[in-house]
Amino acid sequence: MTTTPALTLSAPVNLRDLGGIPVAGGVVREGFALRADDLALVTGDVARGLVDGGVRAIIDLRSTDELGVTGRGPLGTHSNVTYHHVPLLADIGVAAGEPGARPAGSGATPAGMAAEMMDQTRFGRMYLRMYEGAAPQIVTALAIIAHAPGTVAFHCAAGQDRTGVLAASLLLALGADQDHIVADYVRTGENSAAVLARISPVMRPLMSRFGIELDAAALAAVGTEFSPAPMRELFAALTERHGDPLAPLRAAGLTDGLVAQLRARALAGTGAASGAA
């Protein structure tokens with residue numbers, strides 16, 4: 001698949017290094033893992049900069065529909081970068097598809113459906129469904145991060161939800177405190193307006209397939225506050241349902257050996273112990 005000529009390529013607006021986040025035994029080293037908004041839309045110069053900076057693997061968490069619009073982008077032309085398509089949702093319509101997730105009448109109009117789907121304060125149940133339902137894919141992504149020879153960059157469209165769930169999973173496996181995971185998650189709020197502007201040309205035609213129009217009225221109904229509640233709801237639900245929030249991932253193949261390898265890579269060079277948790 002190739003990049004659609006009409007797409008505007010630009011620098012990411014929600015890219016950040018997970019380096020510096022405290023985990024069991026130390027802090028995550030810089031250059032271990034990057035989280036980002038859509039890396040298929042970067043310019044050739046940005047792609048070269050990421051590769052020159054050490055990126056050697058891309059984990060694309062987007063749906064097949066999204067990939068079909070953009071392709072892999074300029075990063076897909078670098079032979080020293082491996083590309084891994086690990087979709088955490090079958091399609092973007094799944095976010096609005098949970099039975100009983102909407103109050104009666106809330107999705108009666110395109111504007112109402114768009115506002116609901118983009119109401120970040122209500123994403124807790126979607127994150128739980130994603131974490132439990134896509135546990136095998138999450139473990140696959142963690143295995144890629146554990147064994148890649150250089151920096152791993154993972155992304156979805158906005159770098160918020162699917163990317164946020166994988167970042168939380170990675171940090172949980174590394175022994176991060178939930179407060180530090182939430183703090184990383186809410187940093188996306190600073191970039192929300194820029195993210196929306198950047199991905200709208202791609203998301204508008206995709207959302208229209210599900211009868212959801214991201215018109216001006218719909219976008220005006222979206223709140224501007226970025227809430228920590230969805231990530232905290234995810235942790236609370238996982239603890240209530242499983243005791244250990246990592247239990248669904250362990251059932252899907254997250255082993256002590258994989259955790260040890262993640263820790264060895266994440267903590268290498270920080271002066272912290274890098275053995276098994």
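Residues take their numbers from the sequence shown, with the count starting at 1.
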Nearest heavy atoms of [X] and [Y], plus distance in Å:
X      : Y      : result
Leu234 : Leu128 : CD1-CA, 3.6 Å
Pro245 : Leu172 : CB-CD1, 4.3 Å
Leu7   : Val69  : CD1-O, 3.8 Å
Arg250 : Asp244 : NE-OD2, 3.8 Å
Ala252 : Pro136 : CB-N, 3.8 Å
Pro230 : Gln120 : CG-O, 3.0 Å

When you measure from the side chain of [X] to the backbone N and O of [Y], does any donor-acceptor pair fall under 3.5 Å?
X      : Y      : result
Arg263 : Ala24  : yes
Ser63  : Leu89  : no
Arg265 : Ile145 : yes
Arg56  : Val51  : yes
Thr82  : Ala57  : no

May I ask you to test the [X]-[Y] pair for a side-chain heavy-atom distance under 4.5 Å?
X      : Y      : answer
Asp60  : Tyr83  : yes
Pro22  : Asp177 : no
Pro74  : Thr43  : no
Glu233 : Arg125 : no
Asp184 : Arg35  : yes
Asp17  : Thr151 : no
Leu34  : Leu50  : yes
Ile181 : Phe235 : yes

If I take atom [atom1] from residue [X] and atom [atom2] from residue [Y], how far apart are they, to the nearest 0.5 angstrom?
X      : Y      : atom1 : atom2 : answer
Gln261 : Leu142 : CD    : CG    : 12.0 Å
Leu262 : His147 : CG    : NE2   : 7.5 Å
Ile199 : Arg62  : CD1   : CZ    : 10.5 Å
Arg162 : Met130 : CZ    : CE    : 7.0 Å
Arg48  : Leu75  : CZ    : CG    : 10.5 Å
Leu39  : Leu15  : CG    : CG    : 6.5 Å

Thr188 vs Thr163, side-chain contact (heavy atoms from CB on, under 4.5 Å): CA-CA, chis, key distance, verdict: CA-CA 11 Å; Thr188 288; Thr163 296; over 6 Å; no
Mutual orientation of the aromatic rings belonging to Tyr185 and Tyr127 [parallel < 30°, tilted 30-60°, perpendicular > 60°]: perpendicular
Presence of salt bridge, Arg16 and Glu190, under 4.0 angstrom: no
Candidates Leu174, Leu170, Leu171, Val27 - the one meeting side chain to side chain contact (heavy atoms under 4.5 Å, CB included) with Ile21: Leu171
Chi angles and distances behind the salt bridge (Lys or Arg N to Asp or Glu O under 4.0 Å) call for Arg198, Asp38: CA-CA 9 Å; Arg198 184 170 186 258; Asp38 197 344; 5.8 Å; no
Pair Ile138-Leu166, side-chain contact (heavy atoms from CB on, under 4.5 Å): steps then yes or no: CA-CA 6 Å; Ile138 291 172; Leu166 179 55; 4.2 Å; yes
Worked verdict on Leu238 versus Leu246 for side-chain contact (heavy atoms from CB on, under 4.5 Å): CA-CA 8 Å; Leu238 289 172; Leu246 284 175; over 6 Å; no
Side chains of Ser227 and Arg232, donor plus acceptor under 3.5 Å: no
Exercise: do Asn191 and Asn14 side chains pair donor with acceptor under 3.5 Å: yes
Evaluation steps, side-chain contact (heavy atoms from CB on, under 4.5 Å), between Thr64 and His85: CA-CA 9 Å; Thr64 300; His85 184 215; 3.8 Å; yes
